[in-house]
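This one's a predicted model, so the numbers in the text were calculated from it and none came from an experiment.
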Amino acid sequence: MAPVGVLPATGGPTKDFGGRITSSVVVTCVVAASSGLIFGYDIGISGGVTTMEPFLKKFFPSVLRQAGAAETNIYCQYDSQLLTAFTSSLYIAGLVASLVASRVTAALGRKNTMVLGGLTFFAGGAINGGAVNVAMLILGRILLGLGVGFTNQAAPLYLSEVAPAKWRGAFNTGFQFFIGIGVVASNFLNFFLSKHPWGWRLSLGLAVVPAAIMTLGAALISDTPSSLVERGRLRDAKQSLIRIRGAGADVEGELDDLVRSVGAAKAADREPFVTILERRHRPQLVMAVAIPFFQQVTGINIIAFYAPVLFQSIGFGKDSALISSTILGVVNLGAILVSTAVVDRYGRRFLFVAGGLQMLVCKLAVAAVLVAGTGASGTEHISKELAVAVLILLCTYGAGFGWSWGPLSWLIPSEIFPIKIRTTGQGISQAVNFATTFALSQSFLAMLCHLKYGAFLFYAGWIATMTLFVMLFLPETKGIPLDSMQGIWEQHWYWRRFVSTTVSA
Ligand code: BGC
C-alpha cells in the first residue's frame with residue numbers, strides 16, 4: 001500500500017483519521033441508505049403486478065390469452081415482448097439518468113441528487129397509480145427510472161464517503177439492505193392486493209410512500225465532507241465532519257487533507273469522461289464496468305422479476321408463487337446482514353468467492369431438478385416436492401447473492417475511484433447495471449422459452465467466470481482509506497503495469 005498520508009493526488013483523506021462509529025454517522029448513513037427503498041420497491045412490485053389478472057386484462061390482454069392456452073410449454077407461458085418492454089422501460093431511463101447524474105452529483109452534491117431522485121420517483125409512482133393506458137404506464141416507469149438512476153448513483157457514494165474507512169463496507173451494505181426491504185415490502189403488498197381488481201393500481205401507486213420517506217430523509221441530512229469541499233463550501237464541510245466524526249476526532253487534519261487532495265484534483269482539471277479513459281485509471285474503469293455487469297449475470301433479477309411467474313409456471317398456485325418470492329426476499333435480507341457483519345473483517349474478496357461458489361452450485365442444481373421434474377422439453381408438470389426443492393435451492397442461491405454480489409457491487413465502484421472521477425466512475429457503473437438489467441430482462445422470457453432449463457446453465461457459466469475474475473483481478477479494499485486506494489493497484493500482479501507510482505493526479 002502507498003505510504004499513508006503521502007498521496008495528495010486523488011482527493012479525500014489520504015490517511016485514516018480513525019473515525020469512530022458515532023450515533024450521528026449511523027443515523028446519517030441509515031437515512032442515506034434508505035434511498036435503496038425505492039429501487040427495491042420497484043423491483044419487487046413489477047414482478048407481481050405483471051401476473052395480476054386485472055392488470056393484464058386492462059393493459060396486456062394478449063398475454064392473458066397466451067397464458068390461458070392450456071398446452072403451452074411451461075417455460076413459454078409469459079413470453080411477451082410488450083410486457084417485458086413495460087418492465088424494462090425503467091432500465092433505459094435509469095441508464096440515461098446515471099450518466100447525467102454523474103455531473104449532477106458532482107455539481108449539486110450527493111444529498112441534493114438523492115432528493116432530486118426521490119421527487120422524480122414520487123411523480124412516476126403517482127402517474128403509474130393513476131394510469132389509464134399503456135402510455136401512462138410507460139411514462140410513469142420512465143420517471144421511476146430517472147429517479148432510481150439519480151439515487152443509485154449518489155447514495156452509495158454518500159455512504160462510502162461518510163463512513164469511517166474501517167467500517168466502510170458495513171455501512172455501504174445498508175444500501176442493499178434497504179433495496180431488500182423494498183423488495184420484501186412490495187412482495188407483501190402484491191400478495192395482499194393481487195385479488196383486488198384495483199390491486200395493481202395500489203401496488204404501483206404506493207411507490208410514492210418509499211419515495212416520500214427517502215426524499216424527506218435525504219433532505220434532512222448534510223452532504224458529505226468531500227462533496228462540500230469539492231464545491232468550495234469549506235465551513236459546511238467542517239460542520240459536517242464535526243457532526244459525523246464526533247468530539248475528539250482530528251477534524252482539522254481530515255479537512256486539511258480533503259482540501260489538499262481536492263485542490264490537487266482540480267488543478268489537473270480535465271473532462272472527467274476523458275480522464276477516466278486514461279491508462280492509469282484502467283483498473284478502476286474495468287471494475288466499474290465488470291462488477292455491475294457480473295452482478296446482473298448472476299441472474300438475480302430474473303429471479304426477482306419473474307419469481308412469481310416462474311413458480312406459477314412450474315406448477316405453484318398463484319398465492320404460493322407470491323409467498324415463495326416473499327420467502328426468497330426475506331432470506332436475501334438476512335444474508336445481507338451477514339455481509340454487514342463480516343465484510344470489514346473477512347474482506348470483499350472472501351465474500352465474492354464464497355457467495356459465487358454457493359450461487360454456482362444452486363444454479364446447476366436448479367437446472368438438474370427442472371430436467372428431472374419437467375422432462376427436457378418442459379412439458380411435464382413438476383411435482384410439488386420438486387417445486388419445493390426449486391424453492392429451497394433458489395433461497396440458498398438468494399442468500400449467496402445477499403452476502404456477496406448484492407451489496408458488494410454497490411460498494412466496490414463507490415470506493416475505488418479518486419475524487420475527481422468518482423461520480424463519473426459511479427455513473428458508468430450504474431449505467432452498466434441498468435443496461436445489463438435491461439438486456440437480460442428483455443431477453444429472459446424468450447430465453448427461458450427456448451433454452452428451458454438451459455437458461456440456468458447459462459447463468460451458472462457466468463457465475464463461474466466472475467468468481468475466477470475476482471480471484472485474479474480484484475485486489476482487497478477492506479479498511480483502506482478512500483484515497484490511499486491507489487496503492488492496491490500498484491501492488492497488484494496485473495494492474496501494476498497500468499499504474500505508475502510516480503504519477504499523481
Ligand atoms: C441489484 C438489483 C437487484 C437487487 C436484488 C441489487 O443490488 O442491482 O439489480 O434486483 O440487488 O435485491
Side-chain angles (χ1 to χ4, degrees), residues 30 33-48 148 152 155-156 169-170 172-191 210 291-292 294-311 316 320-343 348 351-363 365-366 388-411 433 437 440-441 444 456 459-460 462-463 466:
V30 169
S34 75
S35 301
L37 276 180
I38 54 174
F39 189 36
Y41 186 90
D42 182 78
I43 293 164
I45 222 71
S46 23
V148 288
N152 288 4
N172 201 289
T173 58
F175 186 65
Q176 179 74 13
F177 187 72
F178 275 98
I179 294 180
I181 293 186
V183 171
V184 171
S186 53
N187 279 337
F188 265 120
L189 268 181
N190 275 344
F191 178 61
I291 299 278
F294 282 143
Q295 187 207 42
Q296 290 307 314
V297 292
T298 57
I300 186 66
N301 278 313
I302 306 316
I303 305 294
F305 287 154
Y306 302 116
V309 177
L310 203 68
F311 284 121
F316 276 32
S320 44
L322 280 170
I323 293 173
S324 317
S325 42
T326 306
I327 296 176
L328 217 62
V330 174
V331 169
N332 175 261
L333 216 47
I336 299 166
L337 289 180
V338 173
S339 189
T340 310
V342 304
V343 65
R348 287 63 162 147
L351 285 173
F352 268 129
V353 173
L357 293 176
Q358 184 173 336
M359 287 191 288
L360 177 61
V361 171
C362 292
K363 281 263 151 129
V366 169
V388 170
V390 170
L391 176 61
I392 292 173
L393 284 171
L394 289 184
C395 282
T396 316
Y397 161 85
F401 179 85
W403 53 61
S404 62
W405 285 89
L408 301 186
S409 305
W410 302 101
L411 173 61
N433 182 313
T437 313
L440 292 184
S441 58
F444 176 70
F456 291 88
Y459 290 111
W462 278 114
I463 295 171
M466 69 188 76

Do the side chain of Asn172 and the main chain of Pro156 share a donor and acceptor less than 3.5 angstrom apart? yes

Atom pair [atom1]/[atom2] of [X] and [Y] - distance to nearest 0.5 Å:
X	Y	atom1	atom2	answer
Ser46	Tyr41	OG	OH	10.0 Å
Ile336	Gln176	CD1	CD	4.5 Å
Ser339	Trp405	OG	CH2	13.0 Å
Leu328	Ile300	CG	CD1	7.0 Å
Arg348	Leu408	CZ	CG	7.5 Å
Leu391	Tyr397	CG	OH	14.5 Å

[Y] and [X], any side-chain heavy atoms less than 4.5 Å apart:
X	Y	answer
Leu411	Val343	yes
Phe175	Pro407	no
Leu337	Phe177	yes
Thr298	Tyr459	no
Val184	Leu333	yes
Ile181	Leu37	yes
Ser404	Met359	yes

Do Leu394 and Cys362 pass the side chain to side chain contact (heavy atoms under 4.5 Å, CB included) test, and can you show the C-alpha distance, the side-chain angles, and the key distance before you say yes or no? CA-CA 7 Å; Leu394 289 184; Cys362 292; over 6 Å; no

Applying side chain to side chain contact (heavy atoms under 4.5 Å, CB included) to Gln295 and Trp410, what does each step give before you reach the verdict? CA-CA 10 Å; Gln295 187 207 42; Trp410 302 101; 4.1 Å; yes

Report the residues that fulfil side-chain hydrogen bond (donor to acceptor under 3.5 Å, both in side chains) with Thr396, sequence neighbours left out, ordered by chain and then residue number. none

For Val342, give me all partners under side chain to side chain contact (heavy atoms under 4.5 Å, CB included), at least two apart in sequence or on another chain. Tyr346, Leu351

Ala460: which residues meet the side chain to side chain contact (heavy atoms under 4.5 Å, CB included) condition with it, sequence neighbours left out?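 Partners of Ala460 by the side chain to side chain contact (heavy atoms under 4.5 Å, CB included) criterion, ordered by chain and then number, come out as Leu360, Lys363, Leu364.
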
Nearest non-hydrogen partners of Val331 and Ala399, listed with the distance: CG1-CB, 3.9 Å

Stepwise, does the side chain to side chain donor-acceptor pair (under 3.5 Å) test hold for Asn190 with Ser186? CA-CA 6 Å; Asn190 275 344; Ser186 53; 5.6 Å; no

Could you go through Val30 and Phe178, starting from their C-alpha distance and side-chain angles, then the distance that decides it, and tell me whether this counts as side chain to side chain contact (heavy atoms under 4.5 Å, CB included)? CA-CA 9 Å; Val30 169; Phe178 275 98; 4.0 Å; yes

Pair Asn152-Asn433, side chain to side chain contact (heavy atoms under 4.5 Å, CB included): steps then yes or no: CA-CA 10 Å; Asn152 288 4; Asn433 182 313; over 6 Å; no

